[in-house]
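For reference, positions follow the sequence shown, starting with 1. Counting starts at 1 for both ligands and their atoms, in listed order.
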Amino acid sequence: MAYKTIIEPFRVHTVQAIDLPDRDAREAALVRAGFNLFGLHADEVIIDLLTDSGTGAMSSKQWAGMMLGDESYAGSRSFFRFEEVVRDLTGYKEIIPTHQGRAAEKILFSVTVGDGDVVPNNTHFDTTRANVEYQGAEALDVVRAEGRDPAAELPFKGDVDIEVLRAAIEEHGTDKVPLVMVTVTNNSGGGQPVSMANLRAVRAVCDEFGIPMFLDACRFAENAWFIKLREPGYADRTPKEIAQEMFSIADGCTMSAKKDGLANIGGFLALNDSDWAQQARNLLILTEGFPTYGGLAGYDLEAIATGLEEVVDEKYLRYRIRSTEYLAETVHAAGIPTVRPPGGHAVYIDAKALLPHIPPHQYPAQALAIELYRAGGVRGVEIGTLMFGRPTDDGPDEPAAMELVRLAIPRRMYTQSHIDYVGEVIIDVASRASEIRGYRIVGQAPWLRHFTARLEPLG
Ligand SMILES: Cc1ncc(COP(=O)(O)O)c(C=O)c1O
(Lines give C-alpha, C1' and ligand atoms only; values in the text may rest on other atoms or scores of the structure.)
Protein backbone atom coordinates (compact mmCIF):
# COMPACT_ATOMS: atom_id res chain seq x y z
CA MET A 1 0.00 0.00 0.00
CA ALA A 2 1.28 3.49 -0.87
CA TYR A 3 -0.36 5.10 2.18
CA LYS A 4 0.16 4.22 5.83
CA THR A 5 -3.34 4.96 7.18
CA ILE A 6 -5.13 1.67 7.71
CA ILE A 7 -8.74 2.47 6.88
CA GLU A 8 -11.85 0.59 7.98
CA PRO A 9 -12.17 -2.10 5.28
CA PHE A 10 -15.95 -1.54 4.97
CA ARG A 11 -18.49 1.18 4.23
CA VAL A 12 -21.34 2.14 6.57
CA HIS A 13 -24.57 0.70 5.18
CA THR A 14 -27.09 1.18 7.97
CA VAL A 15 -26.85 3.64 10.85
CA GLN A 16 -28.20 3.77 14.40
CA ALA A 17 -28.53 7.16 16.10
CA ILE A 18 -26.65 7.68 19.37
CA ASP A 19 -28.46 9.67 22.08
CA LEU A 20 -26.18 12.29 23.59
CA PRO A 21 -27.29 12.53 27.25
CA ASP A 22 -25.98 15.63 29.02
CA ARG A 23 -23.99 15.65 32.25
CA ASP A 24 -27.05 16.04 34.52
CA ALA A 25 -28.74 13.08 32.87
CA ARG A 26 -25.56 11.03 33.29
CA GLU A 27 -25.27 11.95 36.97
CA ALA A 28 -28.90 10.93 37.59
CA ALA A 29 -28.30 7.67 35.73
CA LEU A 30 -25.27 6.88 37.91
CA VAL A 31 -27.25 7.39 41.10
CA ARG A 32 -30.16 5.27 39.83
CA ALA A 33 -27.74 2.49 38.79
CA GLY A 34 -26.03 2.38 42.19
CA PHE A 35 -22.78 3.50 40.53
CA ASN A 36 -22.69 0.23 38.63
CA LEU A 37 -22.24 0.83 34.90
CA PHE A 38 -24.00 -2.45 34.10
CA GLY A 39 -27.15 -0.79 35.49
CA LEU A 40 -27.15 2.02 32.89
CA HIS A 41 -29.60 2.04 30.01
CA ALA A 42 -27.67 1.86 26.74
CA ASP A 43 -29.38 5.08 25.63
CA GLU A 44 -27.69 6.82 28.56
CA VAL A 45 -24.29 5.99 27.07
CA ILE A 46 -22.56 7.93 24.27
CA ILE A 47 -19.74 5.51 23.34
CA ASP A 48 -20.28 2.02 24.70
CA LEU A 49 -17.03 0.17 25.32
CA LEU A 50 -18.47 -2.06 28.05
CA THR A 51 -17.73 -5.14 26.01
CA ASP A 52 -16.81 -6.38 22.57
CA SER A 53 -19.14 -9.32 23.16
CA GLY A 54 -22.10 -9.52 20.79
CA THR A 55 -21.95 -5.77 20.22
CA GLY A 56 -20.33 -5.70 16.77
CA ALA A 57 -21.89 -4.87 13.42
CA MET A 58 -22.72 -7.80 11.18
CA SER A 59 -21.92 -7.69 7.48
CA SER A 60 -24.53 -7.55 4.72
CA LYS A 61 -23.45 -11.11 3.89
CA GLN A 62 -24.31 -12.23 7.43
CA TRP A 63 -27.69 -10.49 7.32
CA ALA A 64 -28.37 -12.02 3.91
CA GLY A 65 -27.35 -15.42 5.29
CA MET A 66 -29.89 -15.03 8.07
CA MET A 67 -32.64 -15.03 5.44
CA LEU A 68 -31.49 -18.54 4.55
CA GLY A 69 -31.89 -19.73 8.15
CA ASP A 70 -33.57 -23.12 8.35
CA GLU A 71 -35.63 -23.20 11.55
CA SER A 72 -36.28 -26.95 11.56
CA TYR A 73 -36.18 -28.27 15.12
CA ALA A 74 -34.03 -31.27 14.18
CA GLY A 75 -31.46 -31.66 11.42
CA SER A 76 -31.67 -28.08 10.15
CA ARG A 77 -29.66 -27.23 7.03
CA SER A 78 -28.23 -24.22 8.90
CA PHE A 79 -26.78 -26.54 11.54
CA PHE A 80 -24.95 -28.61 8.94
CA ARG A 81 -23.47 -25.46 7.40
CA PHE A 82 -22.41 -24.26 10.86
CA GLU A 83 -20.95 -27.68 11.68
CA GLU A 84 -18.98 -27.77 8.43
CA VAL A 85 -17.47 -24.30 8.98
CA VAL A 86 -16.56 -24.99 12.62
CA ARG A 87 -15.09 -28.39 11.78
CA ASP A 88 -13.05 -27.00 8.89
CA LEU A 89 -11.65 -24.31 11.20
CA THR A 90 -11.06 -26.34 14.36
CA GLY A 91 -10.64 -29.87 13.06
CA TYR A 92 -12.63 -31.20 16.06
CA LYS A 93 -14.97 -34.15 15.55
CA GLU A 94 -17.88 -33.16 17.78
CA ILE A 95 -19.50 -29.75 17.28
CA ILE A 96 -22.12 -28.69 19.82
CA PRO A 97 -23.85 -25.30 19.40
CA THR A 98 -24.74 -23.32 22.52
CA HIS A 99 -26.47 -19.99 23.07
CA GLN A 100 -23.18 -18.37 24.18
CA GLY A 101 -19.74 -19.12 25.58
CA ARG A 102 -20.69 -19.62 29.20
CA ALA A 103 -23.24 -22.29 28.25
CA ALA A 104 -20.42 -24.23 26.58
CA GLU A 105 -18.34 -23.76 29.76
CA LYS A 106 -21.17 -24.88 32.05
CA ILE A 107 -21.75 -28.02 30.01
CA LEU A 108 -18.05 -28.87 29.62
CA PHE A 109 -17.29 -28.41 33.33
CA SER A 110 -20.45 -30.28 34.42
CA VAL A 111 -19.18 -33.27 32.42
CA THR A 112 -15.49 -33.08 33.29
CA VAL A 113 -14.94 -31.25 36.61
CA GLY A 114 -15.78 -32.49 40.12
CA ASP A 115 -15.69 -31.32 43.70
CA GLY A 116 -12.10 -30.64 44.88
CA ASP A 117 -10.63 -30.60 41.35
CA VAL A 118 -8.27 -27.91 40.08
CA VAL A 119 -8.52 -26.34 36.61
CA PRO A 120 -5.44 -24.39 35.47
CA ASN A 121 -5.88 -21.66 32.83
CA ASN A 122 -3.60 -18.75 31.90
CA THR A 123 -6.25 -16.39 33.33
CA HIS A 124 -9.83 -17.52 33.82
CA PHE A 125 -12.42 -15.14 32.45
CA ASP A 126 -15.07 -14.28 35.06
CA THR A 127 -17.73 -16.69 33.73
CA THR A 128 -15.13 -19.42 33.29
CA ARG A 129 -13.95 -18.99 36.86
CA ALA A 130 -17.50 -18.94 38.18
CA ASN A 131 -18.45 -22.07 36.24
CA VAL A 132 -15.37 -23.95 37.53
CA GLU A 133 -16.06 -22.84 41.10
CA TYR A 134 -19.73 -23.76 40.75
CA GLN A 135 -18.58 -27.39 40.36
CA GLY A 136 -16.73 -27.10 43.70
CA ALA A 137 -13.36 -26.90 41.95
CA GLU A 138 -10.51 -24.39 42.11
CA ALA A 139 -9.91 -22.11 39.12
CA LEU A 140 -6.13 -21.65 39.13
CA ASP A 141 -4.51 -18.87 37.08
CA VAL A 142 -1.07 -19.88 35.75
CA VAL A 143 -0.19 -17.01 33.44
CA ARG A 144 3.52 -16.11 33.19
CA ALA A 145 4.57 -13.57 35.83
CA GLU A 146 4.95 -10.68 33.35
CA GLY A 147 1.31 -11.24 32.39
CA ARG A 148 0.39 -9.66 35.72
CA ASP A 149 2.64 -6.65 35.21
CA PRO A 150 0.76 -4.06 33.11
CA ALA A 151 3.96 -2.25 32.13
CA ALA A 152 6.01 -5.26 30.91
CA GLU A 153 6.41 -5.01 27.11
CA LEU A 154 6.47 -8.55 25.74
CA PRO A 155 4.99 -10.02 22.56
CA PHE A 156 3.14 -12.91 24.26
CA LYS A 157 2.12 -11.87 27.76
CA GLY A 158 -0.81 -14.29 27.69
CA ASP A 159 1.55 -17.30 27.77
CA VAL A 160 1.15 -19.94 30.45
CA ASP A 161 3.99 -20.29 32.97
CA ILE A 162 4.94 -23.86 32.12
CA GLU A 163 6.82 -24.48 35.38
CA VAL A 164 3.92 -23.20 37.50
CA LEU A 165 1.55 -25.40 35.48
CA ARG A 166 3.73 -28.48 35.99
CA ALA A 167 4.15 -27.74 39.71
CA ALA A 168 0.37 -27.36 40.12
CA ILE A 169 -0.29 -30.73 38.46
CA GLU A 170 2.40 -32.40 40.60
CA GLU A 171 1.04 -30.81 43.77
CA HIS A 172 -2.61 -31.72 43.21
CA GLY A 173 -2.11 -35.00 41.32
CA THR A 174 -3.29 -35.86 37.82
CA ASP A 175 -6.59 -37.28 39.06
CA LYS A 176 -7.47 -33.84 40.46
CA VAL A 177 -6.71 -31.94 37.24
CA PRO A 178 -9.38 -33.01 34.73
CA LEU A 179 -8.28 -30.56 32.03
CA VAL A 180 -6.01 -27.61 31.35
CA MET A 181 -7.40 -24.53 29.60
CA VAL A 182 -5.68 -21.75 27.69
CA THR A 183 -7.56 -18.53 26.91
CA VAL A 184 -6.68 -16.99 23.52
CA THR A 185 -6.30 -14.07 23.71
CA ASN A 186 -6.06 -13.68 27.48
CA ASN A 187 -9.00 -11.32 28.08
CA SER A 188 -8.71 -10.82 31.84
CA GLY A 189 -4.95 -10.40 31.50
CA GLY A 190 -5.21 -7.48 29.10
CA GLY A 191 -6.24 -9.21 25.85
CA GLN A 192 -2.67 -10.46 25.48
CA PRO A 193 -1.88 -13.20 22.97
CA VAL A 194 -0.49 -16.69 23.55
CA SER A 195 2.30 -17.91 21.27
CA MET A 196 2.14 -21.12 19.28
CA ALA A 197 5.33 -22.23 21.04
CA ASN A 198 3.61 -21.82 24.41
CA LEU A 199 0.52 -23.74 23.25
CA ARG A 200 2.88 -26.55 22.22
CA ALA A 201 4.65 -26.41 25.58
CA VAL A 202 1.31 -26.66 27.44
CA ARG A 203 0.41 -29.61 25.20
CA ALA A 204 3.70 -31.33 26.09
CA VAL A 205 2.97 -31.01 29.83
CA CYS A 206 -0.60 -32.25 29.28
CA ASP A 207 0.75 -35.24 27.34
CA GLU A 208 3.32 -35.96 30.05
CA PHE A 209 0.52 -36.26 32.62
CA GLY A 210 -2.23 -37.56 30.32
CA ILE A 211 -4.49 -34.52 30.81
CA PRO A 212 -6.73 -33.08 28.07
CA MET A 213 -6.11 -29.53 26.87
CA PHE A 214 -8.87 -27.11 25.88
CA LEU A 215 -8.81 -23.61 24.40
CA ASP A 216 -11.11 -20.82 25.49
CA ALA A 217 -11.16 -19.71 21.87
CA CYS A 218 -13.33 -16.55 21.95
CA ARG A 219 -10.65 -14.43 20.26
CA PHE A 220 -8.80 -17.11 18.30
CA ALA A 221 -8.53 -14.95 15.14
CA GLU A 222 -7.03 -11.97 16.97
CA ASN A 223 -4.56 -14.37 18.62
CA ALA A 224 -3.71 -15.85 15.21
CA TRP A 225 -3.04 -12.36 13.85
CA PHE A 226 -0.63 -11.59 16.71
CA ILE A 227 1.19 -14.87 16.01
CA LYS A 228 1.49 -13.87 12.34
CA LEU A 229 2.91 -10.48 13.31
CA ARG A 230 5.13 -11.50 16.19
CA GLU A 231 6.16 -15.15 16.13
CA PRO A 232 9.05 -16.19 13.88
CA GLY A 233 8.00 -18.50 11.07
CA TYR A 234 4.39 -17.36 10.73
CA ALA A 235 4.63 -14.16 8.66
CA ASP A 236 3.72 -15.96 5.43
CA ARG A 237 0.91 -18.09 6.83
CA THR A 238 -2.74 -17.02 6.58
CA PRO A 239 -4.66 -16.25 9.80
CA LYS A 240 -6.88 -19.24 9.07
CA GLU A 241 -3.91 -21.61 8.74
CA ILE A 242 -2.48 -20.27 11.99
CA ALA A 243 -5.85 -20.66 13.74
CA GLN A 244 -6.13 -24.22 12.44
CA GLU A 245 -2.70 -24.99 13.86
CA MET A 246 -3.69 -23.51 17.24
CA PHE A 247 -6.83 -25.65 17.39
CA SER A 248 -4.91 -28.76 16.30
CA ILE A 249 -2.73 -28.53 19.42
CA ALA A 250 -5.72 -28.87 21.80
CA ASP A 251 -8.39 -31.53 22.31
CA GLY A 252 -11.31 -29.15 22.17
CA CYS A 253 -12.52 -25.64 22.81
CA THR A 254 -15.25 -23.50 24.24
CA MET A 255 -16.23 -20.55 22.09
CA SER A 256 -18.31 -17.44 22.39
CA ALA A 257 -19.32 -16.54 18.83
CA LYS A 258 -20.15 -13.07 20.18
CA LYS A 259 -16.46 -12.24 19.79
CA ASP A 260 -14.55 -13.71 16.86
CA GLY A 261 -17.72 -15.33 15.51
CA LEU A 262 -18.70 -11.75 14.53
CA ALA A 263 -22.25 -12.56 15.64
CA ASN A 264 -24.58 -10.95 18.15
CA ILE A 265 -25.29 -14.23 19.95
CA GLY A 266 -24.07 -17.82 19.97
CA GLY A 267 -21.25 -20.12 20.88
CA PHE A 268 -20.15 -23.72 20.77
CA LEU A 269 -18.33 -26.52 22.46
CA ALA A 270 -16.14 -28.51 20.07
CA LEU A 271 -14.09 -31.54 21.05
CA ASN A 272 -12.69 -34.86 19.95
CA ASP A 273 -13.77 -37.07 22.86
CA SER A 274 -17.00 -38.80 21.82
CA ASP A 275 -17.92 -39.95 25.34
CA TRP A 276 -17.65 -36.44 26.75
CA ALA A 277 -19.56 -35.15 23.72
CA GLN A 278 -22.39 -37.63 24.36
CA GLN A 279 -22.67 -36.52 27.99
CA ALA A 280 -22.48 -32.89 26.91
CA ARG A 281 -25.31 -33.39 24.40
CA ASN A 282 -27.46 -34.99 27.11
CA LEU A 283 -27.02 -31.86 29.24
CA LEU A 284 -27.50 -29.65 26.20
CA ILE A 285 -30.95 -31.11 25.61
CA LEU A 286 -31.80 -30.44 29.26
CA THR A 287 -30.73 -26.80 29.30
CA GLU A 288 -30.08 -25.44 25.79
CA GLY A 289 -32.04 -27.42 23.23
CA PHE A 290 -31.75 -30.17 20.66
CA PRO A 291 -28.13 -30.79 19.50
CA THR A 292 -28.70 -29.30 16.04
CA TYR A 293 -29.66 -25.89 17.37
CA GLY A 294 -28.41 -25.72 21.00
CA GLY A 295 -30.35 -22.64 22.12
CA LEU A 296 -29.93 -20.77 18.83
CA ALA A 297 -32.19 -19.99 15.92
CA GLY A 298 -31.25 -21.44 12.53
CA TYR A 299 -30.52 -17.89 11.34
CA ASP A 300 -28.03 -17.42 14.21
CA LEU A 301 -26.16 -20.52 13.04
CA GLU A 302 -25.96 -18.98 9.55
CA ALA A 303 -24.67 -15.65 10.93
CA ILE A 304 -21.98 -17.44 12.96
CA ALA A 305 -20.88 -19.62 10.04
CA THR A 306 -20.41 -16.56 7.83
CA GLY A 307 -18.81 -14.61 10.69
CA LEU A 308 -16.22 -17.35 11.25
CA GLU A 309 -15.32 -17.15 7.57
CA GLU A 310 -15.07 -13.34 7.60
CA VAL A 311 -13.08 -13.03 10.82
CA VAL A 312 -9.95 -14.67 9.42
CA ASP A 313 -9.77 -12.15 6.55
CA GLU A 314 -6.40 -10.37 6.69
CA LYS A 315 -7.85 -6.96 5.81
CA TYR A 316 -10.30 -7.20 8.67
CA LEU A 317 -7.70 -8.37 11.22
CA ARG A 318 -5.15 -5.75 10.18
CA TYR A 319 -7.77 -3.00 10.70
CA ARG A 320 -9.09 -4.55 13.90
CA ILE A 321 -5.75 -4.83 15.71
CA ARG A 322 -4.54 -1.48 14.37
CA SER A 323 -7.65 0.38 15.53
CA THR A 324 -7.22 -0.92 19.10
CA GLU A 325 -3.55 0.04 18.96
CA TYR A 326 -4.53 3.54 17.72
CA LEU A 327 -6.52 4.31 20.88
CA ALA A 328 -3.81 2.75 23.06
CA GLU A 329 -1.15 4.93 21.42
CA THR A 330 -3.19 8.12 21.98
CA VAL A 331 -3.56 7.34 25.67
CA HIS A 332 0.01 6.11 26.10
CA ALA A 333 1.43 9.21 24.39
CA ALA A 334 -0.40 11.33 27.00
CA GLY A 335 1.53 9.50 29.73
CA ILE A 336 -1.47 7.53 31.02
CA PRO A 337 -0.53 4.05 32.30
CA THR A 338 -2.06 1.22 30.28
CA VAL A 339 -1.44 -2.47 29.85
CA ARG A 340 1.43 -2.74 27.39
CA PRO A 341 1.61 -3.68 24.62
CA PRO A 342 -2.03 -3.06 23.63
CA GLY A 343 -4.17 -6.19 23.49
CA GLY A 344 -6.37 -7.23 20.59
CA HIS A 345 -9.87 -6.18 21.52
CA ALA A 346 -9.46 -3.56 24.21
CA VAL A 347 -7.38 -0.87 25.82
CA TYR A 348 -6.83 -1.43 29.54
CA ILE A 349 -6.06 1.57 31.74
CA ASP A 350 -3.99 0.75 34.81
CA ALA A 351 -6.04 2.35 37.59
CA LYS A 352 -3.63 1.14 40.29
CA ALA A 353 -0.90 3.27 38.74
CA LEU A 354 -3.15 6.22 37.84
CA LEU A 355 -4.98 6.40 41.19
CA PRO A 356 -2.40 5.23 43.76
CA HIS A 357 -4.33 7.10 46.51
CA ILE A 358 -7.31 4.69 46.23
CA PRO A 359 -6.68 1.27 47.87
CA PRO A 360 -7.99 -1.90 46.12
CA HIS A 361 -10.90 -2.35 48.56
CA GLN A 362 -12.16 1.09 47.50
CA TYR A 363 -12.24 -0.06 43.87
CA PRO A 364 -9.95 2.37 42.03
CA ALA A 365 -10.76 0.94 38.59
CA GLN A 366 -14.49 1.21 39.25
CA ALA A 367 -13.97 4.82 40.39
CA LEU A 368 -12.12 5.57 37.14
CA ALA A 369 -14.75 3.84 34.99
CA ILE A 370 -17.47 5.90 36.69
CA GLU A 371 -15.53 9.09 36.03
CA LEU A 372 -15.11 8.30 32.30
CA TYR A 373 -18.87 7.91 32.10
CA ARG A 374 -19.61 10.99 34.17
CA ALA A 375 -17.23 13.17 32.12
CA GLY A 376 -17.92 11.96 28.60
CA GLY A 377 -20.61 9.27 28.56
CA VAL A 378 -17.97 6.60 27.77
CA ARG A 379 -18.80 3.23 29.33
CA GLY A 380 -15.98 0.78 30.10
CA VAL A 381 -15.78 -1.98 32.67
CA GLU A 382 -13.82 -2.54 35.86
CA ILE A 383 -11.54 -5.58 35.85
CA GLY A 384 -10.18 -5.43 39.36
CA THR A 385 -11.21 -6.03 42.94
CA LEU A 386 -14.93 -5.46 42.29
CA MET A 387 -14.86 -8.23 39.64
CA PHE A 388 -12.26 -10.60 41.06
CA GLY A 389 -11.61 -9.59 44.69
CA ARG A 390 -12.80 -11.87 47.46
CA PRO A 391 -15.04 -10.55 50.22
CA THR A 392 -13.72 -11.54 53.67
CA ASP A 393 -15.76 -11.94 56.88
CA ASP A 394 -13.88 -9.48 58.99
CA GLY A 395 -11.91 -7.06 56.85
CA PRO A 396 -11.43 -5.51 53.44
CA ASP A 397 -11.74 -7.62 50.27
CA GLU A 398 -8.75 -9.67 49.22
CA PRO A 399 -7.52 -7.61 46.26
CA ALA A 400 -7.39 -8.73 42.63
CA ALA A 401 -4.01 -9.05 40.86
CA MET A 402 -4.60 -5.87 38.82
CA GLU A 403 -6.94 -2.86 38.87
CA LEU A 404 -7.86 -2.21 35.25
CA VAL A 405 -10.51 -0.32 33.33
CA ARG A 406 -11.15 -2.19 30.12
CA LEU A 407 -12.36 -0.22 27.13
CA ALA A 408 -13.43 -2.97 24.75
CA ILE A 409 -13.94 -2.02 21.15
CA PRO A 410 -16.97 -3.55 19.43
CA ARG A 411 -16.11 -5.06 16.05
CA ARG A 412 -16.75 -2.93 12.93
CA MET A 413 -18.88 -0.46 14.92
CA TYR A 414 -17.18 2.82 15.74
CA THR A 415 -15.25 5.10 13.40
CA GLN A 416 -11.95 6.82 14.05
CA SER A 417 -13.69 10.03 15.21
CA HIS A 418 -15.60 8.09 17.89
CA ILE A 419 -12.27 6.72 19.07
CA ASP A 420 -10.65 10.19 18.98
CA TYR A 421 -13.47 11.42 21.25
CA VAL A 422 -12.79 8.55 23.70
CA GLY A 423 -9.10 9.50 23.74
CA GLU A 424 -10.00 13.09 24.62
CA VAL A 425 -12.27 12.00 27.48
CA ILE A 426 -9.60 9.71 28.95
CA ILE A 427 -6.92 12.40 28.81
CA ASP A 428 -9.26 14.94 30.46
CA VAL A 429 -10.23 12.57 33.29
CA ALA A 430 -6.60 11.51 33.85
CA SER A 431 -5.60 15.16 34.27
CA ARG A 432 -7.89 15.26 37.34
CA ALA A 433 -6.89 11.83 38.69
CA SER A 434 -5.92 13.04 42.17
CA GLU A 435 -9.46 14.37 42.76
CA ILE A 436 -11.14 11.00 42.10
CA ARG A 437 -12.43 9.24 45.25
CA GLY A 438 -13.09 5.57 46.00
CA TYR A 439 -16.36 3.66 46.53
CA ARG A 440 -17.81 1.10 48.90
CA ILE A 441 -20.20 -1.74 48.15
CA VAL A 442 -23.65 -1.49 49.72
CA GLY A 443 -25.16 -4.65 48.19
CA GLN A 444 -23.73 -7.67 46.37
CA ALA A 445 -24.60 -11.14 45.03
CA PRO A 446 -22.63 -14.30 45.99
CA TRP A 447 -21.59 -14.99 42.35
CA LEU A 448 -20.29 -12.56 39.71
CA ARG A 449 -21.07 -9.66 42.03
CA HIS A 450 -19.78 -6.98 39.65
CA PHE A 451 -22.83 -7.37 37.40
CA THR A 452 -25.34 -6.29 40.04
CA ALA A 453 -23.47 -4.80 43.04
CA ARG A 454 -24.63 -1.38 44.25
CA LEU A 455 -22.01 1.09 45.42
CA GLU A 456 -21.80 4.51 46.98
CA PRO A 457 -19.06 7.13 46.82
CA LEU A 458 -16.77 7.61 49.81
CA GLY A 459 -16.52 11.13 51.22
C1 LIG B 1 -12.28 -15.15 27.42
C2 LIG B 1 -13.76 -15.32 27.55
N3 LIG B 1 -14.26 -16.53 27.87
C4 LIG B 1 -15.60 -16.72 27.98
C5 LIG B 1 -16.49 -15.69 27.79
C6 LIG B 1 -17.96 -15.97 27.95
O7 LIG B 1 -18.67 -15.84 26.75
P8 LIG B 1 -20.21 -15.41 26.74
O9 LIG B 1 -20.30 -13.99 27.17
O10 LIG B 1 -20.64 -15.61 25.32
O11 LIG B 1 -20.94 -16.30 27.67
C12 LIG B 1 -16.01 -14.42 27.48
C13 LIG B 1 -16.95 -13.30 27.30
O14 LIG B 1 -16.61 -12.14 27.34
C15 LIG B 1 -14.60 -14.23 27.35
O16 LIG B 1 -14.08 -13.03 27.04
Side-chain angles (χ1 to χ4, degrees), residues 38 48-56 86 96-110 119-134 139 141-143 147 157-160 179-194 214-224 226 246 250 252-270 284 287-288 294-296 300-301 303-304 307-308 311 320 324 339 343-348 379-383 387-388 404 406-411 447-448 450-451:
F38 282 100
D48 205 347
L49 306 182
L50 182 71
T51 174
D52 63 324
S53 178
T55 51
V86 176
I96 301 173
T98 58
H99 81 275
Q100 58 184 96
R102 70 198 68 185
E105 291 166 2
K106 173 81 166 76
I107 289 171
L108 175 66
F109 299 144
S110 300
V119 178
N121 193 330
N122 43 357
T123 310
H124 288 83
F125 182 65
D126 60 358
T127 61
T128 325
R129 171 172 292 280
N131 273 304
V132 168
E133 291 175 352
Y134 189 71
D141 290 345
V142 292
V143 71
K157 274 170 75 175
D159 280 358
V160 168
L179 76 168
V180 172
M181 290 201 76
V182 185
T183 304
V184 292
T185 59
N186 191 25
N187 183 6
S188 301
Q192 299 292 323
V194 179
F214 274 67
L215 298 181
D216 177 340
C218 298
R219 297 177 183 82
F220 73 92
E222 293 174 5
N223 200 85
F226 280 118
M246 286 162 47
C253 70
T254 55
M255 172 74 188
S256 168
K258 301 172 75 173
K259 285 83 171 175
D260 278 352
L262 299 182
N264 299 124
I265 195 70
F268 56 85
L269 168 63
L284 188 84
T287 58
E288 292 280 292
L296 294 169
D300 295 322
L301 294 167
I304 297 167
L308 289 172
V311 77
R320 168 73 176 155
T324 304
V339 172
H345 67 294
V347 173
Y348 295 70
R379 174 158 69 168
V381 70
E382 190 255 21
I383 300 196
M387 185 181 277
F388 286 127
L404 305 174
R406 186 190 70 179
L407 301 167
I409 304 184
R411 291 168 180 79
W447 300 102
L448 298 172
H450 54 286
F451 285 126

His450 and Glu382: side-chain donor and acceptor closer than 3.5 Å?
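No, Glu382 and His450 have no side-chain donor paired with an acceptor closer than 3.5 Å.
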Tell me yes or no: between the side chains of Thr123 and Asn186, is some donor less than 3.5 Å from an acceptor?
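Yes, because at least one side-chain N or O of Thr123 sits under 3.5 Å from a partner of the opposite role on Asn186.
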Only heavy atoms of [X], strictly under 4.0 Å: list the atoms of ligand 1 that pass.
X: Asp216; value: 1 (C), 2 (C), 3 (N), 4 (C)
X: Arg102; value: 7 (O), 8 (P), 9 (O), 11 (O)
X: Asn187; value: 1 (C), 15 (C), 16 (O)
X: Thr183; value: 1 (C)
X: Lys258; value: 10 (O)
X: Gly101; value: 7 (O), 8 (P), 10 (O), 11 (O)

Taking distance alone, with N or O pairs closer than 3.5 Å, would you say [X] contacts ligand 1?
X: Thr127; value: no
X: Phe125; value: no
X: Arg219; value: yes

Which of these, Glu105, His345, Lys259, has its nearest heavy atom closest to atom 14 (O) of ligand 1?
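Among Glu105, His345, Lys259, the closest heavy atom to atom 14 (O) of ligand 1 comes from Lys259.
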Return the [atom1] to [atom2] distance between [X] and [Y], rounded to the nearest 0.5 Å.
X: Ile107; Y: Arg102; atom1: CD1; atom2: CZ; answer: 13.5 Å
X: Tyr348; Y: Thr324; atom1: OH; atom2: OG1; answer: 10.0 Å
X: Thr183; Y: Asn187; atom1: OG1; atom2: CG; answer: 8.5 Å
X: Leu407; Y: Asp52; atom1: CG; atom2: CG; answer: 11.5 Å

Do the side chains of Arg219 and Asp260 get close enough for a salt bridge, i.e. N-O under 4.0 angstrom?
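No salt bridge links Arg219 with Asp260.
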Heavy-atom contact check, 4.0 Å cutoff: does Cys218 meet ligand 1?
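The answer is yes: ligand 1 sits under 4.0 Å from a heavy atom of Cys218.
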With sequence neighbours excluded, residues passing ring pair (Phe, Tyr, Trp, His ring centres under 6.0 Å) with Phe109
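Checked Phe109 against ring pair (Phe, Tyr, Trp, His ring centres under 6.0 Å); zero matches.
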Of Thr254, Thr128, Thr98, which meets side chain to side chain donor-acceptor pair (under 3.5 Å) against Glu105?
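Checked Thr254, Thr128, Thr98 against Glu105; only one passes side chain to side chain donor-acceptor pair (under 3.5 Å): Thr128.
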Looking only at protein heavy atoms, which one is nearest to atom 10 (O) of ligand 1, and how far off is it?
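Of every protein heavy atom, Ser256 OG, 2.7 Å lies nearest to atom 10 (O) of ligand 1.
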Of all the non-hydrogen atoms in the protein, which one sits nearest to atom 8 (P) of ligand 1, and at what distance?
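Checked against all protein heavy atoms, atom 8 (P) of ligand 1 sits closest to Gln100 NE2, 3.2 Å.
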